[in-house]
Amino acid sequence: MLTEDLASAFARVALACTEREHPLHWSLMRVLRLYPMLPENGRIAALLDAHLAPAVLEAELRHFQANPLFERPYGWAWRLELQAEAVRMKARWSRALAPLAQRLAAGMDEFVSAPDPIRTGGHGNTAFACILALDYARASGDLPLELAIKKAARRWYGSDRDAPLADESSRDDFLSPSLVEAVLMQQLLDPVEFGRWLNGFLPSGIGPLAEPPHHNGLCLSRAWCFGALGLQGIAEKHLKAALPHVSEHRLAFAVLALSGAALKTP
């Protein structure tokens with residue numbers, strides 16, 4: 001779990017980063033929600049006030065309007081997840097984030113109409129983007145987006161069998177295509193239907209994915225997926241391997257892995 005000491009350490013890593021990245025903003029906002037008395041929280045709030053100011057987000061919205069495919073779908077998904085976190089904690093930043101989130105939610109609604117998903121282990125992965133967008137839809141009450149994702153996921157993944165686990169992963173992957181697909185389907189199907197689907201998708205279990213990979217980002221994202229799927233022992237094994245090497249570039253996945261299962265959200 002995300003302990004107070006780890007939350008404080010992660011906050012210091014994020015605060016030291018000079019890049020304005022929304023996964024880091026989300027990490028800081030979740031730390032703020034879970035531990036409202038951390039000594040770093042004044043600095044966290046000040047940074048979020050600066051980076052999520054209305055004028056900053058209005059400029060970002062104009063950029064997306066002028067460049068409608070910019071950072072699709074990974075960047076879209078993290079911005080939507082940032083708004084989901086802000087809505088859940090009733091944070092003052094949610095009002096400024098809302099127009100941008102609504103624009104990206106409309107884009108996601110169109111994106112999931114594609115005939116096929118992107119199944120890579122990198123930024124283009126459709127299932128991962130849908131997990132975060134689904135969380136936004138549920139937090140914000142965007143029922144049309146939730147239904148569009150559910151319909152698309154059934155069309156894309158409903159008949160999948162025998163996940164190609166042996167093909168994972170390339171040196172560039174920081175996501176497991178099979179595991180993020182399973183997490184998305186778990187969030188959309190009732191437990192009985194999901195159990196049947198999972199038996200066909202992973203008929204022999206997780207096989208080679210049980211061992212932590214050398215890529216730290218992949219190790220952390222797998223830990224998050226295993227925790228979401230209830231495989232806590234394997235998640236802990238991955239976390240033990242990855243946590244000593246966490247940097248700002250994959251910090252959000254460490255926060256996801258340590259807090260997601262307990263909160264029943266990403």
Side-chain angles (χ1 to χ4, degrees), residues 69 72-74 76-78 80-81 84 104-139 142-170 172-211 213 218 221-232 234-235 238 253 256-257 260-261 264-266:
L69 302 183
R72 186 186 76 172
Y74 186 80
W76 294 13
W78 273 114
L80 292 173
E81 179 60 17
L104 297 177
M108 278 298 300
D109 197 310
E110 181 180 352
F111 177 67
V112 299
S113 67
D116 301 297
I118 301 166
R119 298 176 182 266
T120 67
H123 293 87
N125 186 278
T126 301
F128 176 76
C130 284
I131 291 169
L132 300 191
L134 178 66
D135 190 51
Y136 161 81
R138 289 172 171 170
D142 189 337
L143 184 59
L145 178 57
E146 179 178 355
L147 293 177
I149 292 171
K150 186 172 185 176
K151 181 179 178 181
R154 284 184 175 275
R155 183 176 74 251
W156 291 330
Y157 308 121
S159 61
D160 281 0
R161 298 293 182 270
D162 297 310
L165 302 183
D167 295 340
E168 299 188 22
S169 62
S170 79
D172 292 332
D173 287 356
F174 62 90
L175 294 169
S176 162
S178 300
L179 291 179
V180 291
E181 177 180 337
V183 171
L184 176 63
M185 295 302 278
Q186 180 195 45
Q187 295 185 6
L188 292 171
L189 304 178
D190 66 63
V192 173
E193 187 178 6
F194 175 68
R196 287 197 299 264
W197 179 87
L198 190 65
N199 286 338
F201 187 60
L202 298 174
S204 301
I206 59 172
L209 302 191
E211 291 302 315
L218 180 59
S221 69
R222 281 188 187 177
W224 164 58
C225 291
F226 287 133
L229 294 169
L231 300 171
Q232 200 56 44
I234 302 173
H238 280 65
F253 284 99
L256 278 172
K264 305 301 182 186
T265 64

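Bear in mind that the values here come from a model prediction, so they are computed numbers and not experimental data.
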- [ ] Any chance you could lay out the side chain to side chain contact (heavy atoms under 4.5 Å, CB included) test for L145 and Y136, step after step, and finish with the verdict?
- [x] CA-CA 9 Å; L145 178 57; Y136 161 81; 4.0 Å; yes
Task: Contacts of I118 that satisfy side chain to side chain contact (heavy atoms under 4.5 Å, CB included) - sequence neighbours left out - done: F111, T120, T126
TODO: List the atom of P144, the atom of D109, and the distance in Å for their closest heavy-atom pair.
DONE: O-OD2, 4.1 Å
Open item on the list: When you measure from the side chain of N125 to the backbone of G121, do you find a donor-acceptor pair of N or O atoms at a distance under 3.5 Å?
Closed with: no
Open item on the list: Tell me whether S176 contacts the main-chain N or O of R222 through its side chain, where contact means a donor paired with an acceptor under 3.5 Å.
Closed with: no
Open item on the list: Working to the nearest 0.5 angstrom, can you tell me the gap between W197 CH2 and L188 CG?
Closed with: 10.5 Å
- [ ] Specify the closest pair of heavy atoms between L218 and D173, including all atoms of both residues, with the distance to one decimal.
- [x] CB-O, 3.8 Å
Task: F194 CZ to F201 CZ distance, which is reported to the nearest 0.5 Å - done: 9.5 Å
Open item on the list: Within this structure, what is the OH-SG distance for the pair Y157 and C130, rounded to the nearest 0.5 Å?
Closed with: 6.0 Å
Open item on the list: Using every non-hydrogen atom in the two residues, find where V180 and C225 come nearest and quote the distance to one decimal.
Closed with: CG1-SG, 3.8 Å
TODO: Mind telling me whether F253 and F128 have parallel, tilted or perpendicular rings, with 30° and 60° as the class edges?
DONE: tilted
Task: Minimum-distance pair of heavy atoms, taken over all atoms of H238 and A223 - done: CB-CB, 3.8 Å
- [ ] Measure the CG-CG distance between L132 and L184 for me, rounded to the nearest 0.5 Å.
- [x] 10.0 Å
Task: Reported CG-to-CD1 distance for the pair L209 and I234, which is rounded to 0.5 angstrom - done: 9.0 Å
Task: All salt bridge (Lys or Arg N to Asp or Glu O under 4.0 Å) counterparts of R119, not counting sequence neighbours - done: D160, E181
- [ ] Grab the two heavy atoms, one from L256 and one from W224, that are nearest each other, plus how far apart they are.
- [x] O-CD1, 3.6 Å
Task: Which atom of A105 lies closest to which atom of D142, heavy atoms considered - done: CB-OD2, 3.8 Å
Task: Validation row: E110, R72 side chains within 4.5 angstrom (heavy atoms) - done: no
Open item on the list: Any side-chain to backbone donor/acceptor pair from W76 onto A133? Under 3.5 Å, distance only.
Closed with: no
TODO: Under the side-chain hydrogen bond (donor to acceptor under 3.5 Å, both in side chains) rule, collect the residues that match up with E193, sequence neighbours excluded.
DONE: R154
- [ ] Measure the CZ-NZ distance between R155 and K150 for me, rounded to the nearest 0.5 Å.
- [x] 14.5 Å
